[in-house]
A.B. asks: 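Would you mind keeping the following structure in view while I ask a few things?
For the numbers below, each heavy atom of this structure counts, side chains included, while hydrogens, waters and symmetry mates do not. Every chain is numbered from 1 and lettered A, B, ... according to where its sequence line falls, protein lines coming before strand lines.
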Protein chains: 2
Amino acid sequence: MGVFSKTCEYAMRAVFYIAHRTIDGSRVGIKEIAEQIDSPEPFLAKILQELSRKGLIQSVKGPNGGFYIDEICLKRPLADIVTALDGEEIFSGCGMGLAHCSETNPCPLHKEFKKIRNQITQMLHTTTIGQFNKDLLLGHLTLKK
Amino acid sequence: MGVFSKTCEYAMRAVFYIAHRTIDGSRVGIKEIAEQIDSPEPFLAKILQELSRKGLIQSVKGPNGGFYIDEICLKRPLADIVTALDGEEIFSGCGMGLAHCSETNPCPLHKEFKKIRNQITQMLHTTTIGQFNKDLLLGHLTLKK
DNA sequence: ATATAAAAAGATAAAAAACTCTTTTATTTA
DNA sequence: TAAATAAAAGAGTTTTTTATCTTTTTATAT
């Protein structure tokens with residue numbers, strides 16, 4: 001088990017892929033995306049459908065259609081993707097699974113886990129979807145395997 | 001989805017509970033543990049069985065039997081519990097789910113996620129199972145809900 | 001020895017997550 | 001306007017996780 005669900009992992013890889021492949025205004029098809037980020041195609045299709053419905057990515061049907069990400073969405077934080085698919089829990093949940101864990105009613109790990117949560121939150125809020133376009137184009141970063 | 005599985009969450013709460021309830025050499029039954037940490041009793045039984053089999057906690061059958069944790073195990077890091085149930089992934093896995101992500105072949109989140117992983121690792125390795133006994137007895141910490 | 005208490009083991013069930021397949025709808029281009 | 005393309009939608013299936021139930025084994029106290 002990772003920190004994020006498989007769904008979320010595929011989604012993060014996919015949006016970074018789409019972002020760097022469509023900066024020229026073109027679109028990229030599900031087949032290419034799935035291949036290049038090494039994910040099951042029909043499953044990824046479902047995920048991108050959901051993101052598209054929520055307006056976090058854009059899509060066009062038909063010939064020359066596919067997925068792309070507009071200027072506004074390129075500037076959105078990665079946190080928006082995570083929230084859309086995995087919910088808020090990662091940003092606020094108790095490390096030991098307690099529903100009412102808080103400053104005044106803390107679990108044993110509360111203080112230490114808070115630091116971790118904050119760091120995850122920080123990472124996801126400061127990272128934008130378009131942030132790695134250059135490095136991906138230059139082949140400095142990987143999204144596959 | 002939290003950072004740890006439900007299994008692991010229940011386990012962490014349970015070992016802290018058992019630890020602080022058996023410092024006098026007594027044992028505590030599954031029913032009490034389940035009630036006090038707010039977990040499904042038969043499911044928790046399975047988890048404790050596993051931990052007992054792996055020698056991370058101790059148990060005695062029959063009247064006046066139950067679970068306890070010996071001196072040696074009280075000093076073990078919480079990481080041992082997590083590893084026994086959730087495996088190594090949390091300590092080494094890539095944030096985006098890539099199997100071959102590394103320094104030389106990094107995913108976009110590699111650097112930032114490494115900090116998070118390190119902090120989780122640090123927390124789990126420096127926290128011991130018996131560490132909160134005092135504060136739990138004094139009611140300063142909660143394991144329930 | 002026997003009764004009893006309590007965990008271990010094994011088998012099963014329910015729910016959630018991950019994944020697949022088929023049909024429909026929208027768009028383009030010939 | 002027909003054919004082709006590509007995503008959307010809907011309806012499964014499989015696998016994993018979470019949870020339950022029943023029977024067996026072991027230890028203890030009487």
A.B. asks: What class does the angle between the rings of Phe43(B) and Tyr10(B) fall in, given that below 30° is parallel, 30 to 60° is tilted and above 60° is perpendicular?
C.D. replies: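 Phe43(B) vs Tyr10(B) ring planes: perpendicular.
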A.B. asks: Report the distance from atom OH of Tyr68(B) to atom P of dA27(D), rounded to the nearest whole Å.
C.D. replies: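 That distance rounds to 12 Å.
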A.B. asks: By nearest nucleotide on DNA chain C, pick out whichever of Cys8(A) and Phe67(B) is the more 5' one.
C.D. replies: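 That would be Phe67(B).
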A.B. asks: Does the side chain of Lys144(A) reach to within under 4.5 Å of the side chain of Leu98(B), using non-hydrogen atoms?
C.D. replies: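 Not touching, per the 4.5 Å side-chain cut-off.
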A.B. asks: Could you tell me how far apart Ile47(B) (CD1) and dA7(C) (P) are, to the nearest whole angstrom?
C.D. replies: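 Atom CD1 in Ile47(B) sits about 15 Å away from atom P in dA7(C).
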A.B. asks: CD of Glu32(A) versus C1' of dA6(D): gap in Å, rounded?
C.D. replies: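 Result: 14 Å.
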A.B. asks: Quickly work out the Glu41(B) CD to dT18(D) P distance and round it to whole Å.
C.D. replies: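 Value for this atom pair: 19 Å.
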A.B. asks: Salt bridge or not for Lys54(B) and Glu50(B), using N-O below 4.0 Å?
C.D. replies: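 So Lys54(B) pairs with Glu50(B) through a salt bridge.
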A.B. asks: Below 4.0 angstrom from OP1 or OP2 of dA18(C), is there any side-chain N or O of Thr7(A)?
C.D. replies: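 Yes.
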A.B. asks: CZ of Arg27(B) versus C1' of dA29(D): gap in Å, rounded?
C.D. replies: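 Distance, rounded to whole Å: 13 Å.
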A.B. asks: If you pin Ala45(A) and Leu44(B) to their nearest nucleotides in DNA chain D, which one's is more 5'?
C.D. replies: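 The 5'-side residue here is Ala45(A).
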A.B. asks: How would you label the contact of Pro42(A) with the nucleic acid (heavy atoms, under 4.0 Å): base, sugar-phosphate, or nothing?
C.D. replies: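 Base: the residue Pro42(A), judged by heavy atoms under 4.0 Å, touches a nucleobase.
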A.B. asks: Among the candidates dA9(C), dA7(C), dT20(C), find the nucleotide nearest to the side-chain atoms of Gln49(B).
C.D. replies: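 It is dA9(C).
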A.B. asks: Look at the side-chain N and O atoms of Tyr10(A) and state whether any lies under 4.0 Å from the OP1 or OP2 oxygen of dA18(C).
C.D. replies: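 Checking Tyr10(A) against dA18(C): no side-chain N or O falls below 4.0 Å of OP1 or OP2.
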A.B. asks: Strictly under 6.0 Å, is that where the ring centroids of Tyr17(B) and His20(B) end up?
C.D. replies: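 Ring-ring flag for Tyr17(B)/His20(B): true, centres closer than 6.0 Å.
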A.B. asks: Rounded to the Å, how far apart are Lys6(B) NZ and dA16(C) P?
C.D. replies: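 Going from Lys6(B) (NZ) to dA16(C) (P), I get 11 Å.
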A.B. asks: With a 3.5 Å cut-off and heavy atoms only, can you find an N or O donor on one side and an acceptor on the other between the side chain of Lys46(A) and the base of dA9(D)?
C.D. replies: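 Donor-acceptor pair under 3.5 Å: yes.
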A.B. asks: Nearest whole angstrom, please: distance from the P of dT16(D) to the CZ of Phe43(B).
C.D. replies: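 Rounding to the nearest Å, CZ of Phe43(B) and P of dT16(D) are 16 Å apart.
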A.B. asks: Looking only at heavy atoms, which two atoms of Leu85(B) and Cys8(B) are closest? And how far apart?
C.D. replies: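 Closest pair (atom of Leu85(B), atom of Cys8(B), distance): CD1-CA, 4.3 Å.
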A.B. asks: Can you pull out the residues from residues 51-63 of chain B that lie within a 4.0 Å heavy-atom distance of DNA chain C?
C.D. replies: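 Within this stretch, Ser52(B), Arg53(B), Ser59(B), Val60(B), Lys61(B), Gly62(B), Pro63(B) sit under 4.0 Å of the strand.
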A.B. asks: Need to verify one output field. Residue with the more 5' nearest nucleotide on DNA chain C, Ile30(B) or Asn64(A)?
C.D. replies: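 The residue whose closest nucleotide sits nearer the 5' end is Ile30(B).
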A.B. asks: Grab the NZ-P distance between Lys31(B) and dT4(C) for me, whole Å please.
C.D. replies: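 Whole-Å distance recorded here is 18 Å.
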A.B. asks: Should Leu143(A) and Met96(B) count as side-chain neighbours, where that means a heavy-atom distance under 4.5 Å?
C.D. replies: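 Leu143(A) reaches Met96(B) side chain to side chain.
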A.B. asks: Tell me whether the rings of Phe132(B) and Phe16(B) are parallel (<30°), tilted (30 to 60°) or perpendicular (>60°).
C.D. replies: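 Phe132(B) vs Phe16(B) ring planes: perpendicular.
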